[in-house]
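What follows is a single structure, written as structure tokens, with notes after it.
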Amino acid sequence: MKKFFSLLGKNRKFFLLTLLVGIVYSAIGVAIPMISGQLITSVVADSTNRIVLLSTFLLISFFQVCFTELDEYMGNTLKIRQKKQMRKNAFRAFSAHDTAKREDISTFVSYVNNDIPSIAEQYFLGTIDIIKCTSIILFSALSLLYIHWVLALVIVGVSLLIVVLPNTMRKKGGIARKSYSGMLANYNTTLQSVLNGLQIVKAYRCQKYVTESVDSADDGIGKSESVLLKRQLIVQGITTSLQVAKTVFILLIGINLISKNEIDIGSLVAAIQLAEVISAPIEVLAYLRHGRNEVLPILDQYNSMIEVKSNSKDDRTECTETLRQLTVDHISCRVEDLTILTDVCADFIAGGKYLITGESGSGKSTLLRLISQIGDLPYEGHILYNQHEIRNISYDAYYEKVCPVFQEPYLFYATLKDNICVGRPISDDIYFDVIKKLNLEYLLNRYHNQELTPEIMETLSGGERQRIALARAMVGRPSVYLLDEVTSSLDQGNAELVEQSLLKESAMVLHICHKPNPALLPQYDRIYELSNGVLHPKAGPEAVIS
């Protein structure tokens, strides 16, 4: 129960209020047949209290109308609130990772769009519906007990069978639901992969191949849905059979009791109405319990996701020191049998300009990612910020001073300014100054306050994207720029303009470049070459050492 309410979070009070409204609504639904039965008896007996009973009946009927609307509103509002909260929690947990594979992203998107609504509907709202149905059954059984104990015994006995027997399908239903969710995620991943590669499909004439891939994933959904439907039909068959048996028993017993004058006509009418009132919740209760149990496997996924987020709290220390030196101390990195970096050592001084060259695959980008703390590659040695191990510095404090810019820029579906400022309080003076330095004024005029939609993204060149990513770094005025081939997609003129702008910054610049501009080499304080995972200071007249 504690875990259940912890999952509700801020919705706990609203859940309890919704539950209270549901229970009152259930009580009113049972009270009406009892009062109507007494009203009929009073009319037949020509009793003087029939006016009072009629007035009471009309008043409760009015309350039933009001609580029907209120119950519907409260239930749907709770579902909306819970879905919203779970989407927020799931996103914050998933986005705590700095990288994610494309298939993991597709699976997560499918989970948010399909599974979270199911959890809100079948688990949380389903819990309220189960309690409401149980309340109706309990109130009806007590009312029938008041009418006659035999009728109450039959109702309670058959009701228990209707609830308990379908529950035997719980495990298989949960497995079927999890299988369906997995197949749906696989289909979404396959579909997204194909749609993102339509140009390849056209150029390589592989329409048949991709169609078969999508059809195969679609067939998987169909098969898993069929299994899920089969489980549901079995539950429905068991419930329907028991419901029919209950109706027959009540009718036969009721006729027998009337013949013995143990109940009157009004009580018979009340019993028949109560049988109708109780039949719906009894039938629905089995589905509700089954549906609630179905989503338990995907609820476990949600719990695991949130637990990972809560266990991944940043317990690092703050570091407010002004950068003096960034040190790479005997760094070695190895993935399985592949050695990427071997005993790399270097000292980078605040404000210094450093260039690291080397062939593709020499480990340049890996070194930059380790310094950037991006990804989770294991490594030996130490990376020090003013003699502090960077793995002990809080991410917020570290990234306030150290800003990585990678070779493949990423832009959000947002305005140009939002893509550059990303929510930071950047002054207009700084913003426009960086725009001018990177020769992006024409883009500002072209897309001013316009969201960069996927269609607009397609019109941006790689160089334009890269300069926008650089602008995102420069407006933050970091102490350290970590640049990974940031000029490789630029034309010669813009590449030189961008590199010159970066070299004029007062910050440290650590620039990884496969093909450096010879004319700009003298502006670097030191040039390194990374070869086969080993870092060497480059000798010769082109290496300028401060």
Side-chain angles (χ1 to χ4, degrees), residues 318-328 346-357 364-365 367-374 383-390 393-407 409 419-440 466-488 490 494-513 516-517 520-528 535 537 543-546:
E318 294 294 328
C319 181
T320 57
E321 297 179 13
T322 302
L323 174 68
R324 298 187 302 276
Q325 182 173 308
L326 195 64
T327 303
V328 177
D347 290 321
F348 306 109
I349 307 301
K353 307 299 184 284
Y354 302 92
L355 179 68
I356 299 179
T357 65
K364 303 187 303 297
S365 295
L367 177 60
L368 195 74
R369 285 184 174 272
L370 294 181
I371 299 174
S372 304
Q373 300 193 77
I374 299 295
I383 300 174
L384 306 175
Y385 178 100
N386 290 352
Q387 302 305 312
H388 299 288
E389 171 61 59
I390 65 170
I393 301 174
S394 74
Y395 288 119
D396 287 345
Y398 190 69
Y399 290 125
E400 186 178 347
K401 300 176 176 65
V402 178
C403 187
V405 184
F406 297 107
Q407 184 175 1
N419 260 289
I420 292 173
C421 297
V422 287
R424 294 170 293 179
I426 306 299
S427 70
D428 287 343
D429 289 341
I430 294 176
Y431 173 70
F432 288 116
D433 179 60
V434 170
I435 289 288
K436 185 176 181 180
K437 284 181 179 179
L438 297 178
N439 193 24
L440 288 173
Q466 187 64 75
R467 280 181 286 153
I468 293 172
L470 279 167
R472 182 185 296 158
M474 293 176 69
V475 295
R477 302 287 175 88
S479 301
V480 181
Y481 287 100
L482 302 177
L483 310 175
D484 186 6
E485 302 283 3
V486 295
T487 60
S488 61
L490 304 179
N494 276 314
E496 187 165 336
L497 179 148
V498 165
E499 194 169 356
Q500 285 276 24
S501 296
L502 289 166
L503 289 171
K504 291 178 182 178
E505 292 285 302
S506 59
M508 177 198 298
V509 174
L510 182 54
H511 185 195
I512 285 177
C513 186
N517 185 339
L520 298 179
L521 291 180
Q523 297 187 40
Y524 285 93
D525 296 307
R526 174 159 292 199
I527 300 174
Y528 292 91
L535 188 68
V544 180
I545 302 175
S546 58

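We're numbering straight along the sequence, starting at 1. The model shown is predicted, which means the values in this text are computed figures rather than measured ones.
When all heavy atoms are compared, the tightest approach of Leu368 to Leu483 is CD2-C, 3.7 Å. Closest non-hydrogen pair, Asn439 versus Arg467, comes out as O-NH1, 2.8 Å. Residue Gln373 comes nearest to Tyr399 through the heavy atom pair O-OH, 3.3 Å, listed as atom of the first residue, atom of the second, then distance.
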Could you pull out every donor-acceptor pair under 3.5 Å between side chains of residues 346-353 and any protein atom, sequence neighbours left out?
residue: Asp347; atom: OD1; partner: Gln325; partner atom: NE2; Å: 3.3
residue: Asp347; atom: OD1; partner: Thr327; partner atom: OG1; Å: 3.2
residue: Lys353; atom: NZ; partner: Gly351; partner atom: O; Å: 2.7
residue: Lys353; atom: NZ; partner: Glu505; partner atom: O; Å: 3.0
residue: Lys353; atom: NZ; partner: Ala507; partner atom: O; Å: 3.1

Exercise. Given Leu502 and Leu470, is the side-chain contact (heavy atoms from CB on, under 4.5 Å) satisfied, shown in steps?
Worked result: CA-CA 9 Å; Leu502 289 166; Leu470 279 167; 4.1 Å; yes
Exercise. Could you walk me through whether Arg424 and Val475 pass the side-chain contact (heavy atoms from CB on, under 4.5 Å) check?
Worked result: CA-CA 9 Å; Arg424 294 170 293 179; Val475 295; 3.4 Å; yes
Problem set entry | Step-by-step side-chain contact (heavy atoms from CB on, under 4.5 Å) determination, His511 to Val486 | CA-CA 8 Å; His511 185 195; Val486 295; 4.1 Å; yes
For this session: Tell me, with the steps shown, if Lys364 and Asp484 meet side-chain contact (heavy atoms from CB on, under 4.5 Å).
Result: CA-CA 8 Å; Lys364 303 187 303 297; Asp484 186 6; 5.7 Å; no
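Not counting sequence neighbours, Glu400 has no partner by the salt bridge (charged side-chain N to carboxylate O under 4.0 Å, His left out) test. Not a single salt bridge (charged side-chain N to carboxylate O under 4.0 Å, His left out) links Asp429 to another residue, sequence neighbours left out. A search for side-chain hydrogen bond (donor to acceptor under 3.5 Å, both in side chains) contacts involving Glu389 returns His382, Arg391, not counting sequence neighbours. Under the side-chain hydrogen bond (donor to acceptor under 3.5 Å, both in side chains) criterion, Arg472 pairs with Asn419, sequence neighbours left out. Shown here are the side-chain hydrogen bond (donor to acceptor under 3.5 Å, both in side chains) partners of Ser479, two or more places apart in sequence or in another chain: there are none.
The shortest side-chain heavy-atom distance between Ile420 and Ile435 falls under the 4.5 Å cut-off. You'll find the side chain of Thr322 stays beyond 4.5 Å of the side chain of Lys401, heavy atoms only. Considering only heavy atoms from C-beta on, Val434 stays 4.5 Å or farther from Ile426 through its side chain. Here the side chains of Leu355 and Cys513 are in contact, with some heavy-atom distance below 4.5 Å. Looking at heavy atoms from C-beta onward, Tyr524 lies out of side-chain contact with Pro516 at the 4.5 angstrom threshold. Looking only at side-chain heavy atoms (C-beta outward), Glu321 and His388 come within less than 4.5 Å of each other.
A distance of 4.0 Å separates CD1 of Ile430 from CZ of Arg477, quoted to the nearest 0.5 Å. The CD1 atom of Ile512 sits 12.0 Å away from the OG atom of Ser488 when rounded to the nearest 0.5 Å.
Ring pair Tyr528/Tyr354 is tilted by interplanar angle, where 30° to 60° counts as tilted.
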